[in-house]
**Student:** 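Can you read through this structure? Questions will come right after.
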There are 2 protein chains.
Amino acid sequence: MSRGKRLTIREVAAAAGVSAQTVSRVLNNRPDVAPETAQRVQQIISETGYAPNMLARGLTQGRSHVLGVVAYGLDYFGPSRVLTAIERQAAEFGYAIMLNLILDPAMGDVDGLIDSLCARQVDGIIWAIPEMGANRAWLANWINELPVPVILVGGMEGRPDVPSIAIDNVQIGRLATDHLISGGAKHVGIITGPATWWEAEQRLVGWRASLQAHGREVEESLVIEGDWSVSSGEESLYRMVDRCPEIDALFACNDQMALGVLHAAHAIGKRVPEDLSVVGVDNIAEASHFWPPLTTVDQPLGNSGELAVKEIVQLIKKSRQARRPVDAVPEMTLLKARLIVRESSRPVPAPDSRAAESNEASFQRTVLEARPI
Amino acid sequence: MSRGKRLTIREVAAAAGVSAQTVSRVLNNRPDVAPETAQRVQQIISETGYAPNMLARGLTQGRSHVLGVVAYGLDYFGPSRVLTAIERQAAEFGYAIMLNLILDPAMGDVDGLIDSLCARQVDGIIWAIPEMGANRAWLANWINELPVPVILVGGMEGRPDVPSIAIDNVQIGRLATDHLISGGAKHVGIITGPATWWEAEQRLVGWRASLQAHGREVEESLVIEGDWSVSSGEESLYRMVDRCPEIDALFACNDQMALGVLHAAHAIGKRVPEDLSVVGVDNIAEASHFWPPLTTVDQPLGNSGELAVKEIVQLIKKSRQARRPVDAVPEMTLLKARLIVRESSRPVPAPDSRAAESNEASFQRTVLEARPI
DNA sequence: CTGAAAGCGCTTACAG
DNA sequence: CTGAAAGCGCTTACAG
C-alpha cells in the first residue's frame, strides 16, 4: 500500500538507524547483514510500505527488468493469445512488459521503434509481428548491433537468422490436408491467408507437400487467396465451386474463413461434410459451435509466448555475464500443432496413423541450426 | 539506429565541444541556445544516433512518461479493442504503456499491483478491469492516497467515486429491448452475462426499464444467466423455450451468446426472425456473417480507451502543476452505444423514433457529477 | 557486519 | 547564451 508522498531509502535508513547502504542490502537479500539489523529494517519497510524506485535501481544496475514487446493485431486470435502468455510468463520472472502495438506490420519504422525501446532501457525485446514480405530484413541485419537481445515470435521455418520461436505452419498445412485426403477427398482446395503473410505461405507449402506425398496432382486452380475474414471465406467457396464443381474438401487457413465456407456451402446446398469436408485453423472458442462443429488445427500459441520469454531471459542473463551484448545464436524453436477432429470433415475410415502421430508430437520442440541465407 | 555500446550525454557533449548541459538544452528544445551551437549538437546527435537514457531522465524529472495499464481478458472482444485504443492514443502523446494483465478480475491483490506500478514510477494508471462484485471498493477508498492519478475504464453508471470512462450499459439494454418490442415482440427474453459483472447487470436494468416504459409486464422467468460463451447462449434458448414456449424475441447480452441462440433456434426449428427475433451486443466482425446476419449493439470501445488516455494525461498535468497528487474529481464520462439493425430481428413497422434518436446520440458524452455512496 | 564515497546519466537551479 | 555544481534515488566497490 503506497500512499501519499514517496519514501526514499535514506528515510527508511534514518528510521531504522542504519545507513542507506544497509537498507539496500536488506532489500536485495544480501547475506551480509546481522539478523537483528535485517529484521529491524524489514519491519520499517513493511510498516511504511516502502518500495524502491525502480528507475533509480535501473540506472545503477544497468538493467530495468522491463521487456519490450512489439505486437500487431490484438483483434486477431493468435496475437492476443501470444501476448497474454508473454505477459504472464514475464510477470512470473519479475519482468514488466512495455507494450508497443504497430498499425501496419509491413511498416518501415522498425528502427525508430527499437530505438525508443532501447532509450527506455528495456532489457530485451520480443518481436511478435507476423513475418510479411521483407519486414524482418532490417532486424536480421542489425540484430548484432543492438544493445539488447531480441527474439522473434512466429516467422518462417528454415530461415533462422534471428533467434525465434515459431509454430510449424508447413506441418499445419500438411496435417489438415492429410486428414482431408484420408477422409476420401478427391479434390482438396485451399483458401490461404494474404500472400504477403509468411504463415499463410507456409500453410500453402504444407498443402502442396501433402498432396504430393499422396501422389495427387497439385491443382493450382484450387488455391484461392483469402484475407482471414469470414466474408473472404464465403466468397472463396463460390469462386472455388465455379472453378471446380467437383470440389469435395477445403482447407481454410483460419477458422473465420472456414465459417464463411460453411455459410456459403449451406447457401448453395452443399452438405458439410457429406458433399464438402472443411478444416480450419486456430480452434477459436466458437469453432465447436459452428454448424457443423468445425474440424480445425490447434496451435500452441500460449507455449510460443512463454518460450519467447524464457529464451529472452536466458539471453539477457548471458549478455550480463559477458558484460556486453552477446552475438545472437540464430536458432529457431519450432512448435508442432495438432488436429482437432469434429464434424465438418468426413471421418477417416482406417486409423489415420499420420494424424495420430502428429497429435502425439504436438507441442514438440525442434531446434534448427542456423544456415546462411 | 542505436547500435553497440550506449552513448552518454557527456560523450555527445565532448564531441560537440560543449557541456552536457547544453546538449541537454538542445535535447529538450530549450530556446536559450545559440543557433549554431544547437545545430552542431543536433548534427552529432543524428550522426551518432544518440538517445537519452529515459531512466535517468525520469529520475531527475520525477516523471517516467510511462502509463500503467491494468487489463483483463484480452481474449474477449471488448478488452482487446480498448487496449489497442489506449496504446495508440498513448503513443500519440509520447507515453509508453506498461501492461499488467490479471488472471482473475475478482482478485484481491489490487494494492500489490498498484504498488508495483508505482515503484516503477508510472505517471498514471488506467484501470481497465470490468467491475465485478466489490473489486473496485479498494480503489475507491484509496485513490486519494495514491501517489499517481488513476482512471477507470468501464464500470457502473451512477457510482462515480473514481474518475471513469464508461459505456452506458443501461442504454444498451434499452436500445435492444425497445427495438425488439417495436418489431412486435410479445415476449422478450434476455440472456445476461454473469451476474457478478456490473456490465451484465446494467444491461438487465435496461431490459427492465424498456419493458416498463412500454407498459409490459416484467417476467422474471425470461431472465437467464449466461457466461458470454456460445454454448451458454445455446443452452439458454432451450431452457427459455421450456419456460415459455411462446417466446418470440431474445436479447443476448453479447454476440457469442446470440450465435448460440441462432444455432439452437435452428436446431429446434424456430425461424429467425419470423418466429424469434434476436439481438446481440458487440458487433464482432463475424456478426454480419451469422445466419441470419445479426442485429446487434455497437459499443464505442475505442473511444473509451482514447478518452481514458486523454483524461489521465490531463490529470497528470494537473498533479505536476500542483506539485503534489491532486484529489481525484469523481466524475464519470458516459458514452452511448448504437443499434445496428440486420436480419436476425423482425423489422420495425413504423419508424422507430427511439432507436433513431439513440443512433444520433451515439458516442455522445455525458458527465455525471459525483454523489456520495 | 557496516558505513563513507563515488557514480549511474540525466536535469534543475545558480552563476556568469 | 553557456558552464560548474548539486542532486534525483539507488547500488557498487572500497574501507574498516
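The chains referred to below are lettered A, B, ... by the order of the sequence lines, with proteins before strands, and numbering in each begins at 1.
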**Student:** Side chains of B/Leu67 and B/Ile316, heavy atoms from C-beta outward: is any pair under 4.5 Å?
**Tutor:**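 Side chain of B/Leu67 against side chain of B/Ile316, heavy atoms only: contact under 4.5 Å found.
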**Student:** For the pair made of CZ in B/Arg120 and P in D/dG9, what is the distance, rounded to whole Å?
**Tutor:**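 Rounded to whole Å, this separation is 18 Å.
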**Student:** Only Watson-Crick and G-U wobble pairs with both distances less than 3.5 Å should count. Give DNA chain D in dot-bracket notation, marking inter-strand partners with |.
**Tutor:** |||.||||||||.|||
**Student:** Choose from D/dT2, C/dC1, D/dG3 the nucleotide whose nearest atom is closest to any side-chain atom of A/Pro35.
**Tutor:**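 Looking only at side-chain atoms, A/Pro35 lies closest to C/dC1.
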**Student:** Measure the distance from CZ on A/Arg40 to C1' on C/dC1 and round it to the nearest whole Å.
**Tutor:**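 Atom-to-atom, A/Arg40 to C/dC1, this comes out as 13 Å.
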**Student:** Pairs under 3.5 angstrom, nitrogen or oxygen only, protein versus nucleotides 10-12 of chain C, please.
**Tutor:**
| from | atom 1 | to | atom 2 | distance (Å) |
| --- | --- | --- | --- | --- |
| C/dC10 | OP1 | B/Tyr50 | OH | 2.7 |
| C/dC10 | OP1 | B/Asn53 | N | 3.4 |
| C/dC10 | OP2 | B/Ile9 | N | 2.6 |
| C/dC10 | OP2 | B/Tyr50 | OH | 3.4 |
| C/dC10 | O5' | B/Tyr50 | OH | 3.1 |
| C/dT11 | OP1 | B/Asn28 | ND2 | 3.1 |
| C/dT11 | OP1 | B/Arg57 | NE | 2.8 |
| C/dT11 | OP1 | B/Arg57 | NH2 | 3.0 |
| C/dT11 | OP2 | B/Ser24 | OG | 2.6 |
| C/dT11 | O4' | B/Thr60 | OG1 | 3.0 |
| C/dT12 | OP2 | B/Arg30 | NH2 | 2.5 |
| C/dT12 | O4 | B/Gln21 | OE1 | 3.2 |
| C/dT12 | O4 | B/Gln21 | NE2 | 2.9 |

**Student:** Give a yes or no answer on whether the side chain of B/Ser164 reaches the backbone of B/Ala166 with a donor-acceptor pair at less than 3.5 Å.
**Tutor:**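 No; judged by distance alone, with no hydrogens or angles, the pair does not exist.
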**Student:** Round to a whole Å and report the spacing from CG of A/Leu59 to C1' of D/dG7.
**Tutor:**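 Interatomic distance, CG of A/Leu59 to C1' of D/dG7: 12 Å.
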**Student:** Locate the shortest heavy-atom distance separating B/Ile151 from B/Ala308; write the atom from each residue and the value.
**Tutor:**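 Nearest heavy atoms, B/Ile151 then B/Ala308: CG2-O, 3.9 Å.
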**Student:** Salt bridge (Lys or Arg N to Asp or Glu O under 4.0 Å) with A/Arg81: which residues, sequence neighbours excluded?
**Tutor:**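 Per chain and number, A/Arg81 pairs via salt bridge (Lys or Arg N to Asp or Glu O under 4.0 Å) with B/Asp75.
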**Student:** State which residues pass salt bridge (Lys or Arg N to Asp or Glu O under 4.0 Å) with A/Arg88; sequence neighbours excluded, sorted by chain then number.
**Tutor:**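 A/Arg88 satisfies salt bridge (Lys or Arg N to Asp or Glu O under 4.0 Å) with no other residue.
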**Student:** Go through the structure and list residues passing side-chain hydrogen bond (donor to acceptor under 3.5 Å, both in side chains) with A/Thr60, not counting sequence neighbours.
**Tutor:**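 Result, side-chain hydrogen bond (donor to acceptor under 3.5 Å, both in side chains) vs A/Thr60: none returned.
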**Student:** Taking the side chain from B/Ser24 and the backbone from B/Ala20, do they hold a donor-acceptor pair closer than 3.5 Å?
**Tutor:**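 Between the backbone of B/Ala20 and the side chain of B/Ser24 there is no qualifying donor-acceptor contact (under 3.5 Å).
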**Student:** Can you name the residues that form a salt bridge (Lys or Arg N to Asp or Glu O under 4.0 Å) with B/Arg57, not counting sequence neighbours?
**Tutor:**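 Residues passing salt bridge (Lys or Arg N to Asp or Glu O under 4.0 Å) with B/Arg57: none at all.
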**Student:** For C/dC1, does either OP1 or OP2 sit under 4.0 Å from a side-chain N or O belonging to A/Thr37?
**Tutor:**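 No.
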